[in-house]
Amino acid sequence: MRLILIRHGQVIPPWKDKSDALYGCLDVDLSDEGKEEAKRAALYVKDENFDVVYHSGLHRAKYGAERIGHSDVRVEKGFKELDRGDWAGLTSSEIESANPGYKLRLASELSYRPPNGENFADLRARVSSAFSALTQSHPISSTICIVAHNWVIRAFIASSMSLPLSSYYDIDVPTASVTVIEYLTYDADDILKGVVVSKGVKP
């Protein structure tokens with residue numbers, strides 16, 4: 001199975017200007033530049049023979065998926081962005097004022113999660129479950145595109161490279177970048193094993 005992961009494009013102000021704001025699962029729209037990025041990403045993968053295109057259901061991912069022009073575009077909400085819970089829409093300073101030391105806790109305590117939100121383990125479990133269901137629906141010979149989000153694609157990359165949750169911070173996934181993972185064999189638990197062919201390529 002050949003998996004092409006595309007991150008959505010740049011989002012609208014004020015989000016692109018509030019670089020430390022957490023929007024997570026909020027349905028933030030794309031900026032004009034973000035829409036152009038999505039078109040460039042679609043052009044970059046135009047020669048891929050996709051069997052199906054998935055997106056998370058959030059508008060910024062849906063837009064990118066539709067630019068690919070495939071006849072079979074589906075929603076899989078398991079690929080939505082990391083849920084920031086009560087912190088969604090807030091800047092770091094706003095979160096810090098109510099949760100002193102939260103950044104240090106996020107970095108050092110991987111089980112720490114925002115109120116009503118997710119941590120990396122939650123995200124990994126959700127993405128793995130959604131991908132497992134997807135692999136049961138399509139033959140191993142399939143080529144599949146998923147237009148998704150920063151932390152979701154980091155989760156795919158880390159799992160394929162057998163990296164720990166702490167590695168998520170070190171993986172770079174630029175907006176509208178393309179990552180390719182090939183799943184050619186099964187492990188002892190009958191789970192597809194992925195090999196990262198390329199990651200975070202910006203068209």
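Along the sequence shown, residues are numbered consecutively beginning with 1.
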* Please lay out, stage by stage, how R40 and E33 fare under the test salt bridge (Lys or Arg N to Asp or Glu O under 4.0 Å). => CA-CA 11 Å; R40 289 195 292 271; E33 173 57 25; 2.8 Å; yes

* Taking the inter-plane angle between the rings of F156 and F79 on a 0 to 90° scale, is it parallel (under 30°), tilted (30 to 60°) or perpendicular (over 60°)? -> tilted

* **Centroid-centroid distance, Y54 to F131, less than 6.0 Å** => no

* **S160/Y183 under side chain to side chain contact (heavy atoms under 4.5 Å, CB included): CA gap, chis, key distance, verdict** => CA-CA 9 Å; S160 297; Y183 297 84; 3.5 Å; yes

* Structure fact -> The remaining residues in the hydrophobic cluster of V195, counting side-chain heavy-atom contacts under 4.5 Å among Ile, Leu, Val, Met, Phe, Trp and Tyr, are none

* Just wondering, do I95 and L22 contact through their side chains at under 4.5 Å, heavy atoms? -> yes

* Using the ring of W87 (Phe, Tyr or Trp, six-membered ring only), decide whether R84 places NZ or CZ under 6.0 Å from its centre and within 45 degrees of its axis. => no

* Is there a salt bridge (Lys or Arg N to Asp or Glu O under 4.0 Å) between E182 and R2 once you walk through the steps? -> CA-CA 5 Å; E182 292 188 348; R2 182 173 172 85; 2.7 Å; yes

* Structure fact -> Which of E48, H138, M1 passes side chain to side chain contact (heavy atoms under 4.5 Å, CB included) with T143? Answer is E48

* **Cationic tip of R154 above Y168 ring, under 6.0 Å, 45° of axis** => no

* **side chain to side chain contact (heavy atoms under 4.5 Å, CB included), paired with K199, selected from L5, V180, I157** => I157

* How about H55 and V75: do any of their side-chain heavy atoms sit closer than 4.5 Å? -> yes

* Tell me yes or no: between the side chains of D29 and H59, is some donor less than 3.5 Å from an acceptor? => yes

* To do: Would you check if there is a donor-acceptor pair between the side chains of T175 and Q10 at a distance under 3.5 Å?
  => no

* Which atom names give the shortest non-hydrogen contact between S56 and A61, and what distance separates them? -> OG-CB, 3.5 Å

* How about Y102 and S92: does a side-chain donor come under 3.5 Å of a side-chain acceptor? -> yes

* Please test R124 against D122 for salt bridge (Lys or Arg N to Asp or Glu O under 4.0 Å), starting from the C-alpha separation and ending with a verdict. => CA-CA 6 Å; R124 180 175 63 185; D122 299 327; over 6 Å; no

* Can K62 and E66 be said to form a salt bridge (Lys or Arg N to Asp or Glu O under 4.0 Å), step by step? -> CA-CA 6 Å; K62 179 175 182 286; E66 290 175 344; 2.7 Å; yes

